Number of protein chains: 2
Amino acid sequence: MSYLRIGDLSKRTQVNNETLRFYETKGLLEEPSRSDAGYRLYNESVVTRVNFIVRAKKLGFSLKEIMELLSLRVDRQDSTCGDVKAVAEKKLEDIEEKIFELNRMKTALDRITLACCGGEESAVHCTILNALEV
Amino acid sequence: MSYLRIGDLSKRTQVNNETLRFYETKGLLEEPSRSDAGYRLYNESVVTRVNFIVRAKKLGFSLKEIMELLSLRVDRQDSTCGDVKAVAEKKLEDIEEKIFELNRMKTALDRITLACCGGEESAVHCTILNALEV
DNA sequence: CTTGACCCTGTAGTAAACTTTAAGGTTTAG
DNA sequence: CTAAACCTTAAAGTTTACTACAGGGTCAAG
């Protein structure tokens, strides 16, 4: 099990060095161990963590919210199972709302691609807003 | 059918005046008609448009992407049905990927709230990353 | 006929999330 | 052993998306 240097982690995750260091200052990534020369040495598990951050960002979560998601854990001294459950359930609500809205949008886009491209005179109604309203 | 002034639109959508004017400069909202005094006069349909912008933003779409979604329409001179279909299908892919990722995250959170809070010794594994990996 | 709640434009300021630059030290391939 | 390709920190700059401010005009109620 060899360590990854920041450049290796960057290549593996497609997130650049500066951004990785930036995430460290923001607390999204733990401070890794260092080589004698002071180089950051990451272990494999950080790849998963960085990939999670990237995916969550694409879903519209802010770095602060991602922090909250990442720090959801039952094994910390300062949080009980109940605390974790409460936070997780709040996040679940957010996620379910996002899924609901995305499905609405998906339906609208489906309508545009499938229905609106049929006739000639119906084309005037073919905007995402019109498709959403139905 | 009376017109809405910017303050009315702001109250209806919970988006403040400055932001509405900002969206106008960015092309997300069309330039509305004006009163003799130069006040913006919106019609009802703008409410839907603003609400769409707000929802799309929560889903992680940038203003530029929202522009693309809003300008998807078959009735413009410069776009054919095929163009619209191509753009809509690209957006559909984005949306389906988002839904997929959200479902993954939802499953992970469900695991945290339901499974992990059972026993005592299993608690060390109860992070979102561990829950996602399974 | 004035006071307060609106509206206007233009410009400047802010916060989040990077991204670049400067000025250096380290590692590795030839 | 040296040159390219790494790495370090600290600080400044950029982009996106607002948000506030300055300095003014409009309008309806009392």
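Side chains included, hydrogens not; waters and symmetry mates left out as well; all remaining heavy atoms used. Not measured: the values here are computed from a predicted model. By convention in this document, chain letters (A, B, ...) are assigned in the order of the sequence lines, proteins followed by strands, and residues within each chain are numbered from 1.
For the pair B:Y23/B:L63, a side-chain contact is recorded, criterion being any heavy-atom separation below 4.5 Å from C-beta on. Within the 4.5 Å cutoff, side-chain heavy atoms of B:R21 are placed close to those of B:E18.
Residue A:K26 is out of contact with every strand shown, counting any heavy-atom pair closer than 4.0 Å. Within the 4.0 angstrom heavy-atom criterion, no nucleotide atom of any strand lies near B:S35.
Of the residues in residues 12-24 of chain B, B:E18, B:T19, B:F22, B:Y23 come within less than 4.0 Å of DNA chain D through at least one heavy atom, sorted by number.
Per the geometry, CD1 belonging to A:I6 stands 19 Å off P belonging to D:dA5, to the nearest Å. Atom C1' of nucleotide D:dC7 and atom CG of A:D36 are separated by 14 Å, given to the nearest angstrom. Going from atom CE of B:M67 over to atom C1' of D:dT16 covers 15 Å, rounded to whole Å. D:dT16 atom P lies 17 Å from atom CG of A:L63, rounded to whole Å.
The shortest distance between the side-chain N/O atoms of B:K64 and the OP1/OP2 oxygens of D:dT15 is not below 4.0 Å. OP1 or OP2 of D:dC6 has not a single side-chain nitrogen or oxygen of A:R5 nearer than 4.0 Å.
Between the CD atom in B:E44 and the CG atom in B:D8 there is a gap of 10.0 Å [rounded to 0.5 Å]. Here the CG atom belonging to A:L102 is positioned 10.5 Å from the NZ atom belonging to A:K106, to the nearest 0.5 angstrom.
Chain B approaches DNA chain C over the interval C:dC6 to C:dT9, counting the first and last nucleotide 5' to 3' with an atom under 4.0 Å from its heavy atoms.
In this structure, A:E31 does not pair ionically with A:R40, as no charged nitrogen and carboxylate oxygen lie closer than 4.0 Å.
B:T13 places no side-chain N or O within donor-acceptor distance of the main-chain N or O of B:V47, the cut-off being under 3.5 Å. Within the 3.5 Å criterion, the main-chain N or O of A:K98 finds no donor-acceptor partner in the side chain of B:K58.
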After noting the C-alpha distance and the side-chain angles of B:I95 and B:F100, does the key distance pass the side chain to side chain contact (heavy atoms under 4.5 Å, CB included) rule? CA-CA 9 Å; B:I95 287 171; B:F100 178 82; over 6 Å; no
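Judged purely by distance below 3.5 Å, without hydrogens or angles, the side chains of B:T19 and B:N16 pair a donor atom with an acceptor atom.
Comparing A:A37 and B:F61 along DNA chain D, the residue whose closest nucleotide (by nearest heavy atom) sits nearer the 5' end is A:A37.
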